[in-house]
Amino acid sequence: MKGSPKRKCLCCGDFFAPDHRNVGHQRYCWKSACRKESKAQSQRRWLQRPENQNYFRGPENRQRVKDWRKAHPGYGRKKKSRTQIPLQEVFQAQVVDNEELTSRVSSVALRDLFSMQPAVVVGLISMMTGSALQEDIASTVGVLVRKGRDILDLKPGSETTRPTDENQTTSLSATTAHCAAPV
């Protein structure tokens, strides 16, 4: 059996053996930078066609997407699995005797948790709003960011604190106090 012909990658210039199922079309090797360039070149070709110039812009295209989604409800949503997989609990690291936990550390951990999972946040927002349009999600994100900043910047005794917040404690502060006790 004959080996695959070698081909020069249009991005990096290295020779590679194209996939046997795609010998006639593959012009880029499997390196991640080359795959990104292949995708970018493909998108440029698609956008150069006149019928695709404003495919994602304007009110008529927004309406086209809404109509299609209304005609195809549930498309793209995963079916629920029959067995429920339990969520993993997030455990805090044990504290060394000389270190103290502060409320700022817990807020940083919360920020880190959400910054590592942007797809989860975007999916959650789209489920809350019932829309997967980027414009709708972007406007909702703006509202949520403003509310989140208001919540995270509240300090006891400041004039921005609401009267109902003074006597409330959160379970996070209770767990923080419990973890800070010496063993």
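The first residue of the sequence shown is numbered 1, and numbering continues consecutively from there. Excluded from the calculations below are hydrogen atoms, water molecules and symmetry mates; all remaining heavy atoms, backbone and side chain alike, are included.
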Participant: Within this structure, what is the CE-CD1 distance for the pair Met128 and Ile137, rounded to the nearest 0.5 Å?
Facilitator: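 Taking CE in Met128 and CD1 in Ile137, the distance rounds to 10.5 Å.
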
Participant: Side-chain contact test, heavy atoms from C-beta onward, threshold under 4.5 Å: evaluate it for Asp19 versus Trp30 and give yes or no.
Facilitator: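 Of all side-chain heavy-atom pairs linking Trp30 with Asp19, at least one is under 4.5 Å.
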
Participant: Using 30° and 60° as the class limits, which term best fits the ring planes of Phe56 and Trp46: parallel, tilted or perpendicular?
Facilitator: tilted

Participant: In terms of hydrophobic clustering (I, L, V, M, F, W, Y; side-chain heavy atoms under 4.5 Å; direct or indirect links), are Ile125 and Val145 co-clustered?
Facilitator: yes

Participant: Report the distance from atom OH of Tyr28 to atom OG of Ser38, rounding to the nearest 0.5 Å.
Facilitator: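 Between atom OH of Tyr28 and atom OG of Ser38 there are 5.5 Å.
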
Participant: Is there a side-chain contact between Gln43 and Lys39 in this structure, where contact means two heavy atoms from C-beta onward sitting under 4.5 Å apart?
Facilitator: yes

Participant: Verify whether one side chain among Arg45 and Gln48 offers a donor that lies under 3.5 Å from an acceptor in the other.
Facilitator: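 Checked: Arg45/Gln48 side chains show no N/O donor-acceptor pair below 3.5 Å.
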
Participant: Over all heavy atoms of both residues, which pair between Pro5 and Val23 is shortest? Give the atoms and the distance, please.
Facilitator: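 So the two residues come closest at CG-CG1, 4.2 Å.
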
Participant: Can you give me the closest heavy-atom contact between Ser126 and Gly123, atom names plus distance?
Facilitator: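 Minimum heavy-atom contact is OG-O, 2.8 Å.
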
Participant: For the atom pair CZ (Arg7) and CD (Gln26), what is the distance rounded to the nearest 0.5 Å?
Facilitator: 7.5 Å

Participant: With a 4.5 Å heavy-atom cut-off, do Leu133 and Arg62 have their side chains touching?
Facilitator: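 A side-chain contact under 4.5 Å exists here.
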
Participant: State, yes or no, whether a side-chain contact exists between Asp67 and Lys70 at a heavy-atom distance under 4.5 Å.
Facilitator: no

Participant: Work out which heavy atom in Cys34 is nearest to a heavy atom in Cys11; give both atom names and the distance.
Facilitator: SG-CB, 3.7 Å

Participant: Taking side chain to side chain donor-acceptor pair (under 3.5 Å) as the criterion, tell me which of Lys31, Lys8, Lys6 meets it with Asp14.
Facilitator: Lys31

Participant: Fit a plane to each ring of His72 and Tyr75, take the angle between them on a 0 to 90° scale, and name the class: parallel (under 30°), tilted (30 to 60°) or perpendicular (over 60°).
Facilitator: perpendicular

Participant: Do side-chain atoms of Arg146 reach the backbone of Val141 as a donor and acceptor pair under 3.5 angstrom?
Facilitator: no

Participant: Can you get from Phe16 to Leu10 by hopping between Ile, Leu, Val, Met, Phe, Trp and Tyr side chains that sit under 4.5 Å apart?
Facilitator: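 Each belongs to a different hydrophobic cluster.
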
Participant: Atom OG of Ser32 and atom CD of Glu37: how far apart are they, to the nearest 0.5 Å?
Facilitator: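 Those atoms lie 12.0 Å apart.
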
Participant: Working to the nearest 0.5 Å, report the span between CZ of Arg44 and CG of Leu47.
Facilitator: 10.0 Å

